[in-house]
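Pasting in a structure now, in structure tokens, and then I'll have a few things to ask.
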Amino acid sequence: MCRDRRTAMGSPTATPAFVASVSGGGLSGAVQRRAVGRGGLGGGGGGGGGAVGRRPSPAAAAAVVGGWRLRSTGWLTGDPKQGPLRCARLAGRGASAVHGASARTPAMAAAGTGGAAGTAVAAEEAEPFRNASYEMNAVLRTLTAPGRYAAGGVAAGLPNPLLRVDGVDEPLSWPAPASWVRAAVAAAERAPFGLGDASVVDAGVRDSWRILLGGLTFANGPAWEAALATLVGGEVREGLGVTGPVRAELHNLLLYETGGHFAEHTDTEKAPGMFGTLVLTLPCEHSGGALVVRHAGEEMRFPKADVAGSPASLAAPTWAAYYGDCKHEVHPVTNGYRISLVYNLIIEEDEDAAEGKRKKRKTDVLTPAVPNLDPTVEALEALAPRWAKSLREGPPKKEQPEKERDWYYSSYKEPEEDVPDKMVYILEHKYTERGLSWDAFKGADAALIGALLRTRLPAASAGTAGKGAPAKAADDKAPKAAKGAAADAPVPRPYLLYVARATVSTVELSDQGTEETERTITVESDWLPAPGQGAAALPTPVAMEDHHYAQEASHFGHYAQRPRSRRLISYGASRQADRYTYEPCGNSPGEFATWYHTRLREATAGQSHPPAG
Ligand SMILES: O=C(O)CCC(=O)C(=O)O
Ligand SMILES: [Fe+2]
């Protein structure tokens with residue numbers, strides 16, 4: 001079943017309905033619709049498409065569950081948490097190095113339900129990896145970051161702020177009486193939302209009232225601020241998995257009447273260092289109005305069911321915090337009034353900054369809490385030289401006995417070039433141009449990238465190491481074979497790629513290495529046009545922001561909201577973006593299975609053998 005593995009992860013062979021050709025070095029690459037020849041399940045690498053008659057295998061379904069196949073000599077997967085089957089193989093091979101890799105991931109199980117796929121996966125489990133890059137991927141897939149994309153609870157420690165709204169006689173008392181809310185609504189303005197550069201008022205999208213900072217006074221300010229700082233420094237940071245100092249900066253007060261709501265949107269980055277939002281829903285009798293936050297195929301709802309409408313929610317505010325790139329919505333209030341204070345969550349500047357000694361790259365630093373990466377880094381470092389070796393010499397040869405091949409593979413010939421020269425990950429979170437920094441990745445992304453950046457890589461000759469390559473690490477770690485590498489020997493190392501329109505550009509890393517030195521990112525900007533203008537032709541999972549609404553229009557000057565984009569982290573020996581070609585194959589095991597079986601049917605049409613299983 002080795003064929004399966006390489007089919008899935010090395011040089012994918014199945015035919016896409018269309019592929020987005022991606023050209024590097026510029027932003028002019030256009031999506032090309034390209035019909036691929038029938039039955040031509042071409043495995044051509046290097047941006048290829050050459051049909052060589054290989055067939056996809058059932059196990060391939062398990063291998064790329066979720067996300068995208070990367071044609072060319074690399075591969076691409078989606079949600080790191082939906083790690084594909086590679087983890088299973090670790091069960092017998094250094095599982096301890098990856099802190100508790102489970103033998104079968106849910107994705108595997110899901111993909112394996114199809115009988116044939118299950119059998120194929122089982123067969124694969126018994127076999128060692130033939131290429132270290134697969135194993136490295138398995139190691140990376142076991143990483144989990146502390147904290148989640150959203151968190152919430154009851155803020156029992158918050159005192160009544162005795163909030164005053166300009167134009168309303170009484171300060172807010174808890175729980176807020178309807179008469180107070182009605183008076184506050186009378187003093188408020190309709191809350192707009194952002195649609196590109198425009199500020200739009202449309203109750204169909206957002207039906208609430210807002211009072212901006214200038215109209216708010218906290219008579220009980222110091223006590224409120226102190227308790228808020230405790231909440232933010234404690235539960236909020238912990239919930240989101242952020243270790244750096246975080247500040248909550250009040251943005252506005254929102255009032256929802258019965259029927260009020262806010263359709264799905266993402267929040268606008270409104271200040272340097274802003275990475276998320278904190279919402280405090282103040283005690284006021286209401287029903288409905290849940291805040292639902294979505295990320296990576298999951299959703300969380302606030303307040304939690306046991307708190308919503310409970311005495312606790314009338315005695316104290318409930319809080320919800322989330323990364324601002326996560327889509328969220330406020331469900332309609334079905335009865336009563338909902339009052340919320342919305343805060344920007346901002347990473348505090350470090351002390352050097354306060355003294356005017358701020359290092360440039362620290363400007364927007366978000367220091368995530370990452371797990372202990374040592375075991376991961378250790379495992380990667382043990383594998384990287386093997387990957388480099390097979391990049392130079394081709395994969396270890398291992399002839400399969402003829403009888404182990406089923407009819408699918410009877411014509412299969414071991415390709416020579418079947419070593420992926422890169423691994424590519426779609427990052428879980430989306431990032432604005434401004435918010436993109438090697439030090440500011442969010443959640444699980446930070447763990448993944450942290451591990452890649454810390455991993456010392458095998459030896460490179462001066463010719464290929466490039467500036468900043470970790471020569472020291474190379475000398476320390478590389479086996480003899482790697483040290484004697486030819487001048488053009490490829491060396492795996494991380495590159496950050498991002499997708500804008502249909503173009504993948506290489507983002508420069510001034511230091512490719514793993515040493516803790518200054519790293520800057522240069523982003524070439526080219527952003528998606530408004531929704532509906534050709535977006536359908538893009539490979540959406542890696543395309544730009546695909547939602548329509550923002551919290552605010554982009555009128556915040558320097559921090560003007562630009563669409564967030566999905567970034568890809570590529571780890572490999574080649575950073576040539578022009579070698580990437582993407583094909584959509586679904587985002588879930590189910591979608592992938594559909595995609596895969598359709599291709600399989602096409603591929604086997606007219607053949608007398610029934611598909612295996
Ligand atoms: O009122 C809320 O709970 C959230 C409001 C919101 O999403 C926003 O202001 O962007
Ligand atoms: Fe929002």
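Remember, it's 1-based here, ligands and their atoms both numbered in the order they're listed. Small disclaimer: the values here were computed from a predicted structure and weren't measured. Every heavy atom of this structure was used, including side-chain atoms; hydrogens, water molecules and symmetry mates were not.
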Revision key, fill the gap. Here the N/O/S atom of Asp267 closest to the Fe ion (ligand 2) would be OD1
Check your understanding: Do Ser313 and Thr318 have side-chain N/O donor and acceptor atoms under 3.5 Å apart?
Key -> no
Check your understanding: Would you call Thr281 and Leu341 a side-chain contact if the rule is heavy atoms closer than 4.5 Å?
Key -> no
Exercise for review: Compare all side-chain heavy atoms of Glu257 with those of Val185 and state whether any distance is below 4.5 angstrom.
Suggested key: yes
Check your understanding: Quick check: are there more than 12 heavy atoms from other residues, nucleotides or ligands sitting under 6.0 Å from CD of Glu285?
Key -> no
Check your understanding: Numbering the atoms of ligand 1 from 1, which are under 4.0 Å from a heavy atom of Val330?
Key -> 1 (O), 2 (C), 3 (O), 4 (C)
Point to revise | ligand 1 versus His328: contacting region, heavy-atom distance under 4.0 Å | key: side chain
**Study point:** Side chains of Leu216 and Asn252 in contact at under 4.5 Å (non-hydrogen atoms)
**Key:** no
Revision key, fill the gap. In this structure, the Fe ion (ligand 2) sits at the vertex of an angle between NE2 of His265 and NE2 of His328 that rounds to 10° as 90°
Review point. Which option out of His265, Glu264, Arg210, His261 puts a heavy atom nearest to atom 6 (C) of ligand 1?
Key: His265
Review point. Looking at Leu254, which atoms of ligand 1 are within less than 4.0 Å of one of its heavy atoms?
Key: 1 (O), 5 (C), 9 (O)
Practice item. Using only heavy-atom distances, determine whether the side chains of Tyr256 and His261 contain a donor-acceptor pair under 3.5 Å. Key: no
Practice item. Could you list the atoms of ligand 1 found under 4.0 angstrom from a heavy atom of Asp267? Key: 10 (O)
Practice item. State, with a plain yes or no, whether a side-chain heavy atom of Pro146 is found less than 4.5 Å away from one of Glu238. Key: no
Exercise for review: State whether the shortest distance between N or O atoms of Ser340 and N or O atoms of ligand 1 falls below 3.5 angstrom.
Suggested key: yes
Exercise for review: Give the residue and atom name of whichever protein heavy atom lies nearest to atom 1 (O) of ligand 1, and the separation in Å to one decimal.
Suggested key: Tyr256 OH, 2.7 Å
Check your understanding: Is there a donor in the side chain of Asp325 and an acceptor in the side chain of Tyr149, or the other way round, less than 3.5 Å apart?
Key -> no
Review point. Is the number of heavy atoms from other residues, nucleotides or ligands under 6.0 Å of Glu189 CD greater than 12?
Key: yes
Exercise for review: Measure Arg338 to ligand 1 on non-hydrogen atoms and call it side chain, backbone, both or neither using the 4.0 Å cut-off.
Suggested key: side chain
Review point. Hey, is Arg206 touching ligand 1 through its side chain, its backbone, both or neither, going by heavy atoms under 4.0 Å?
Key: side chain
Review point. What residue and heavy atom of the protein are closest to atom 8 (C) of ligand 1, and at what distance?
Key: Gln551 NE2, 3.4 Å
Point to revise | Tyr322: numbered ligand 1 atoms lying under 4.0 Å from its heavy atoms | key: 7 (O)
Exercise for review: Find all atoms of ligand 1 within a distance of less than 4.0 Å from any non-hydrogen atom belonging to Phe262, and give their numbers and elements.
Suggested key: 6 (C), 7 (O), 8 (C), 10 (O)
